[in-house]
Protein chains: 2
Amino acid sequence: MPETARQIADDLRARIESGELLPGDRLPGEPSLVKTYGVAKMTANQALKILVSEGLAVARPGSGTYVREFRPIRRVANDRLSKSRWNAGRSIWSADVDQRPLVTDVQVYEAEAPHQIGRLLNLEPGVPVIVRSRKFVVEDRPVRIATSYLPADLVRDTAIAQPNTGPGGSYARLAELGAEPVHFAEELRARMPSEEERAALDLATGTPILEICRTAFTEDERPVEVNQMLLDAGSYVLEYRLSS
Amino acid sequence: MPETARQIADDLRARIESGELLPGDRLPGEPSLVKTYGVAKMTANQALKILVSEGLAVARPGSGTYVREFRPIRRVANDRLSKSRWNAGRSIWSADVDQRPLVTDVQVYEAEAPHQIGRLLNLEPGVPVIVRSRKFVVEDRPVRIATSYLPADLVRDTAIAQPNTGPGGSYARLAELGAEPVHFAEELRARMPSEEERAALDLATGTPILEICRTAFTEDERPVEVNQMLLDAGSYVLEYRLSS
DNA sequence: GAGTGGTCTAGACCACATC
DNA sequence: ATGTGGTCTAGACCACTCG
């Protein structure tokens with residue numbers, strides 16, 4: 001009877017979904033599965049790998065395989081009406097609200113605009129941009145990597161070209177330049193991370209990432225910033241509020 | 001020298017990212033990898049599985065393993081100001097714009113509101129809702145599953161309780177009831193699908209899904225619909241336009 | 001019928017975590 | 001020191017696709 005690994009995974013998944021095994025609990029190990037199901041060790045290994053690849057479990061070599069804990073952060077993208085209280089406090093997924101993250105690995109440099117970015121910023125090919133990249137850490141977990149691109153001619157001599165952008169951040173500086181961002185377009189997709197991205201976000205295998213590319217526009221619809229973000233999908237719930 | 005499977009996967013990934021292997025191309029098969037790398041068949045198998053799990057390749061048993069093709073659909077969530085043309089035509093990911101999908105598997109029935117849904121709709125526990133679920137197919141691919149919940153007392157005697165909601169769809173019917181949805185709150189997360197969801201969306205292994213829960217509100221901020229959607233992440237780019 | 005990916009076995013060695 | 005997951009081997013059988 002083949003299909004054994006899948007069946008073992010199905011059993012364990014059922015025990016997780018029924019609540020018999022709770023988040024953080026240790027799953028039966030490989031030797032245990034070998035005994036109870038009478039399979040080879042590698043089959044047991046693959047059964048556990050299935051659960052890991054589904055994002056239901058996390059393997060900790062040398063210790064065991066554990067039911068994954070899902071404690072996401074809520075990121076709210078506000079539209080102008082969102083100060084009103086519709087939907088206040090009601091949500092489908094429980095999530096911590098917007099803890100202030102630790103910002104690390106700040107890098108700022110000037111470079112030629114990558115092709116796609118240049119198009120979004122409405123720049124001629126080869127025009128320089130200021131690139132700001134940084135990593136956000138919550139509870140010792142790296143959860144987000146962000147890279148911003150701004151026209152160098154606009155911001156070169158401001159705090160935006162420094163690691164520390166000052167009070168209010170780069171948007172406050174843009175406002176001082178008469179280029180306050182007020183419209184935003186976000187493009188979003190989800191995919192599996194590359195090996196590199198997995199390492200940078202310290203992702204468990206089987207966790208997808210959310211990739212967001214946000215363009216910020218001034219009141220007169222001039223693009224002034226492109227922000228590319230990579231989020232650990234296991235750490236985020238995104239919220240959008242819209243009015244038609 | 002362990003780590004062999006990963007290294008083989010790295011090699012192949014590099015050949016994909018360099019453009020030597022194009023979307024749709026066939027990767028070297030297991031027997032070929034066994035020869036060129038001098039490894040066991042199962043190691044070759046696992047190397048290919050790594051690429052599949054990363055979403056870079058698709059295995060077609062009996063035929064080969066192929067570089068995945070990514071041809072997403074664009075879904076635009078408009079804010080009320082977005083009729084203006086900012087960002088017009090510029091986007092970071094190429095995507096077909098909103099082809100009209102085929103709607104299949106329509107099911108409509110009345111049931112007690114699930115706990116979470118009831119809370120979002122601001123209903124007392126146990127109050128009945130009309131449930132509408134359907135599947136959207138584009139180019140023979142199922143790409144989206146949607147389940148809507150509406151207060152039964154509001155819509156029971158309308159076309160919304162029928163499979164065919166008539167011209168303009170259920171929102172037009174709600175408008176006729178004086179309950180036109182004008183505000184929307186979307187909660188969004190990405191995760192790996194369950195086996196069931198994988199089957200329903202006909203997903204290649206290694207493809208994440210986007211899970212969206214959208215609540216629709218009337219002008220006076222009354223929730224009138226909750227729509228839970230599951231999207232094949234490989235088939236969608238989402239776009240949000242916001243103003244602050 | 002030949003070739004493909006999918007899976008299983010039985011045994012082995014490793015690095016690591018935990019005690 | 002023991003137990004854990006991670007990986008590899010060499011060989012096997014299966015169901016499937018394709019020419």
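Every chain is numbered from 1, with letters handed out A, B, ... down the list of sequences.
Nearest-nucleotide positions on DNA chain C for Tyr66(A) and Gln46(A) put Gln46(A) closer to the 5' end.
The side chain to side chain donor-acceptor pair (under 3.5 Å) test applied to Arg15(B) returns Glu20(B), not counting sequence neighbours.
Between Glu30(A) and the choices Asn45(A), Thr65(A), Thr43(A), the side chain to side chain donor-acceptor pair (under 3.5 Å) rule is met once, by Asn45(A). Of the residues listed (Ile160(A), Leu121(A), Val129(A)), the one engaging Leu150(A) in a side-chain contact (heavy atoms from CB on, under 4.5 Å) is Ile160(A), and it is the only one.
Looking at Glu197(A) and Arg191(A), a side-chain N of the basic residue comes within less than 4.0 Å of a carboxylate O on the acidic one, giving a salt bridge. With respect to the salt-bridge test (charged N to carboxylate O, under 4.0 angstrom), the residues Glu239(B) and Arg75(B) do not qualify.
Side-chain contact annotation: Tyr236(A) with Arg144(A), donor-acceptor N/O pair under 3.5 Å present. In the model, Tyr37(B) has no side-chain atom that pairs as donor or acceptor with a side-chain atom of Gln7(B) under 3.5 Å.
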Atom pairs under 3.5 Å: protein N/O with N/O of nucleotides 2-4 of chain C:
| unit_1 | atom_1 | unit_2 | atom_2 | d |
| --- | --- | --- | --- | --- |
| dG3(C) | N2 | Gly62(B) | O | 3.1 |
| dT4(C) | O2 | Gly62(B) | N | 3.4 |

I'd like a table of atom pairs between the protein and nucleotides 12-14 of chain C - only N or O on both sides, under 3.5 Å - with the distance next to each one.
none

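Whole-Å rounding puts the Tyr37(A) OH to dA10(C) P distance at 18 Å. In this structure, Lys35(B) atom NZ and dA10(D) atom P are separated by 16 Å, rounded to whole Å. The distance from atom CG of Asn45(A) to atom P of dT9(D) is 15 Å, rounded to the nearest whole Å. If you take CE of Met42(B) and P of dG6(C), they are 11 Å apart, rounded to a whole angstrom. Rounded to whole Å, atom C1' of dT4(D) lies 13 Å from atom CG of Leu27(A). Distance, Ile50(A) CD1 to dG6(C) C1': 11 Å, rounded to whole Å.
For Arg6(B), no side-chain nitrogen or oxygen approaches OP1 or OP2 of dG6(D) to under 4.0 Å. For the pair Thr43(A) and dT7(C), the criterion of a side-chain N or O lying under 4.0 Å from OP1 or OP2 is not met.
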Check your understanding: Where do Leu56(B) and Val67(B) land on the side-chain contact (heavy atoms from CB on, under 4.5 Å) test, with the steps shown first?
Key -> CA-CA 6 Å; Leu56(B) 281 175; Val67(B) 182; over 6 Å; no
Check your understanding: After noting the C-alpha distance and the side-chain angles of Glu187(B) and Arg214(B), does the key distance pass the salt bridge (Lys or Arg N to Asp or Glu O under 4.0 Å) rule?
Key -> CA-CA 6 Å; Glu187(B) 290 180 83; Arg214(B) 181 178 66 185; over 6 Å; no
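Between dG5(C), dC8(C), dG6(D), one nucleotide has an atom nearer to the side chain of Ala59(B) than all others, and that is dG5(C). Taking every side-chain heavy atom of Leu48(A) into account, dG5(D) is the closest of dG5(D), dC8(C), dT9(D).
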